[in-house]
Number of protein chains: 2
Amino acid sequence: MSEQNAPDVTLSAGKGFLPGLALDAVVFGFHEGQLKILLLTYESGTCALPGGFIRDREDLNQAARRMLFERTGLDEIYLEQFYTFGDLARFDPNPLRGIMVSKGFTPPDDHWLLQRFVTVGYYALVDFTKTVPKTDGLADSCSWFDFTDMPALMLDHRVIVGKALETLRTNLDHKLIGSNLLEETFTMADLQRLYETILGKSLNRSSFQRSMLGSGMLERIDKKYGGGAHKAPYVYRFLTKE
Amino acid sequence: MSEQNAPDVTLSAGKGFLPGLALDAVVFGFHEGQLKILLLTYESGTCALPGGFIRDREDLNQAARRMLFERTGLDEIYLEQFYTFGDLARFDPNPLRGIMVSKGFTPPDDHWLLQRFVTVGYYALVDFTKTVPKTDGLADSCSWFDFTDMPALMLDHRVIVGKALETLRTNLDHKLIGSNLLEETFTMADLQRLYETILGKSLNRSSFQRSMLGSGMLERIDKKYGGGAHKAPYVYRFLTKE
DNA sequence: GGTTTATTGTTGCACTATGCGACAATAATA
DNA sequence: TATTATTGTCGCATAGTGCAACAATAAACC
């Protein structure tokens with residue numbers, strides 16, 4: 001749980017929000033051959049997933065979209081709920097208390113944000129180039145990190161990230177994951193690098209090309225010149241935007 | 001959400017439980033070629049999924065196991081969380097109020113069970129022959145229904161069942177679903193019937209047999225005599241109990 | 001301008017997985 | 001003893017994929 005939206009939320013005694021329930025999002029991006037993740041950093045030094053709370057009269061999934069819009073400036077994000085984390089062990093008020101104290105606010109022990117929270121995990125796929133990360137009230141910054149070079153995260157957020165990646169991997173073939181992480185047009189090499197990065201293993205080039213072309217998801221558009229001292233690759237676009 | 005465990009829970013004002021959060025389980029069984037589902041029936045005529053609440057000092061998944069043990073008498077159940085339902089539209093106190101009234105208890109409008117609940121969905125696979133269904137405080141009975149002949153369900157429970165089946169289908173190959181729904185030993189025809197029932201389509205017999213044997217999951221044990229006027233089939237057992 | 005270099009698009013071959021049909025084996029029944 | 005229904009297995013056609021090879025070619029180099 002990343003109890004953001006402070007100070008308004010911090011001071012509100014939780015009024016207007018569902019009690020004990022939060023949501024956290026693993027926001028994936030892809031840029032220059034690197035898988036990226038959006039994280040909040042705090043003055044106290046810790047890092048966390050962007051998260052939020054659910055309003056009294058708001059769908060759970062809608063709350064996730066609202067929170068993501070606040071963090072990324074993006075509407076119509078590819079978003080999927082993947083798991084709800086409710087272990088008792090994730091109940092530890094200290095990290096958040098430290099953050100609040102470093103912001104000059106010393107909460108009482110029974111502050112609503114310091115109670116036990118169950119959190120619903122979402123993962124989102126966004127176009128890195130179109131995202132405008134924006135911090136929330138408590139955090140110091142909201143920014144991209146290389147997935148392979150992630151800092152330590154608050155509470156069980158690392159576990160949440162792990163499960164998100166796992167889900168992303170198993171969904172890679174069936175859902176239009178590429179079309180949400182890449183820009184409008186891309187080369188076959190771009191697409192393969194994305195797949196290899198997500199799966200964490202290298203793929204055979206000709207097999208990959210054949211299967212992608214055979215799937216009928218791609219439209220070949222142009223040729224891309226200026227890519228280096230070699231044959232110019234075709235540029236593709238996804239046919240099926242869902 | 002099936003707010004069971006009454007009357008104790010009903011009258012407790014929700015003390016000792018996480019507020020606004022419930023869990024519901026889609027319990028699958030398989031018997032005589034039929035997929036089964038465990039449902040609660042109420043005096044008021046409605047039916048619902050077995051469900052429960054999470055204690056203050058209890059893991060979410062542990063609460064699901066506890067609730068399932070109470071309903072089925074089974075420990076060590078194959079259990080998987082698949083989705084959390086939090087639409088505002090599922091907030092409708094009337095069905096539950098009706099149930100309580102039919103039990104002779106007229107709750108105030110602000111009764112804790114009549115507030116909005118988010119529910120975490122689980123599906124469970126159990127050995128039909130070993131299950132001893134047991135009702136809870138509010139329900140009239142807890143019993144098996146043919147999956148193909150399910151009554152109308154309370155609130156959005158039908159949607160929950162649908163998503164559970166969907167998850168079950170996609171997991172059918174990768175997880176040891178057969179070993180949890182069948183008895184210790186079975187014939188290849190039994191196993192194929194299970195797969196066909198879950199997938200909702202017929203499979204080619206020889207291909208199915210070849211792929212199952214090729215997977216290395218099965219151990220051939222005996223021959224089963226007395227099955228009819230035909231060649232006796234082999235009896236198999238799953239090698240990998242996880 | 002000719003040559004080199006790196007990358008791309010494509011094809012052939014081997015291997016595996018699977019749908020489908022066929023056939024012999026066989027346990028109970030008539 | 002013959003019949004019947006079901007089972008275990010095999011052969012063939014087809015689709016998908018890993019791997020290697022090869023020609024095409026845009027930029028860089030001399």
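As the structure is a computational prediction, the values presented were derived from the model and not from experiment. Proteins get letters first, then strands, A, B, ... in listed order; numbering begins at 1 in each.
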Exercise for review: For the residue pair A:V161 and A:F147, establish whether any side-chain heavy-atom pair is separated by less than 4.5 Å.
Suggested key: yes
Between side-chain atoms of residues 199-207 of chain B and protein atoms elsewhere (two or more places apart, or another chain), which donor-acceptor pairs fall under 3.5 Å?
residue : atom : partner : partner atom : Å
B:N204  : OD1  : B:S206  : N            : 3.2
B:N204  : OD1  : B:S206  : OG           : 2.9
B:N204  : OD1  : B:S207  : N            : 3.0
B:N204  : OD1  : B:S207  : OG           : 3.1

**Study point:** Gap between atoms OH and P, on B:Y195 and C:dG19 respectively (whole Å)
**Key:** 13 Å
Review point. Between C:dT7, C:dT10, D:dG8, which nucleotide has the shortest distance from any of its atoms to the side chain of A:K231?
Key: C:dT7
Point to revise | Check: A:T129 main-chain N/O paired with A:D127 side-chain donor or acceptor under 3.5 Å | key: yes
Review point. Is the distance from OP1 or OP2 of C:dG19 to the nearest side-chain N or O of B:S207 less than 4.0 Å?
Key: yes
Review point. Are side-chain N/O atoms of A:T131 and A:T72 paired as donor and acceptor at under 3.5 Å?
Key: no
Review point. Rounded to the nearest Å, what distance is computed from the CZ atom of residue A:R205 to the C1' atom of nucleotide C:dT10?
Key: 9 Å
Exercise for review: Please state how far atom CD in A:E196 lies from atom P in D:dG18, giving the value in whole angstrom units.
Suggested key: 12 Å
Review point. If only atom types and distance count, is the side chain of B:H157 paired as donor or acceptor with the main-chain N or O of B:A48 below 3.5 Å?
Key: no
Practice item. Between D:dT9, C:dA28, C:dG19, spot the one nearest the side chain of B:N204, thanks. Key: C:dG19
Check your understanding: Tell me: NZ of A:K224 to C1' of C:dA6, nearest whole Å?
Key -> 15 Å
Review point. Under 4.0 angstrom, heavy atoms only, what part of the nucleic acid is B:S206 near: base, sugar-phosphate, or nothing?
Key: base
Review point. Rounded to the nearest Å, what distance is computed from the CG atom of residue A:L203 to the C1' atom of nucleotide D:dT17?
Key: 12 Å
Exercise for review: Take the protein atom NZ of B:K201 and the nucleotide atom C1' of C:dG19, then report the distance between them rounded to whole Å.
Suggested key: 12 Å
Review point. Side-chain donor or acceptor of A:R220 under 3.5 Å from a matching atom on the base of C:dG9?
Key: no
Practice item. Scan B:G214 against the nucleic acid and name what it touches under 4.0 Å (heavy atoms): base, sugar-phosphate only, or nothing. Key: nothing
Exercise for review: Specify the separation, in whole Å, of atom CZ of B:F208 and atom C1' of C:dC20.
Suggested key: 17 Å
Point to revise | B:Q192 CD - D:dG8 C1' separation (whole Å) | key: 13 Å
Review point. Nearest nucleotide by nearest heavy atom, which residue falls closer to the 5' end of DNA chain D, A:R210 or B:H230?
Key: B:H230
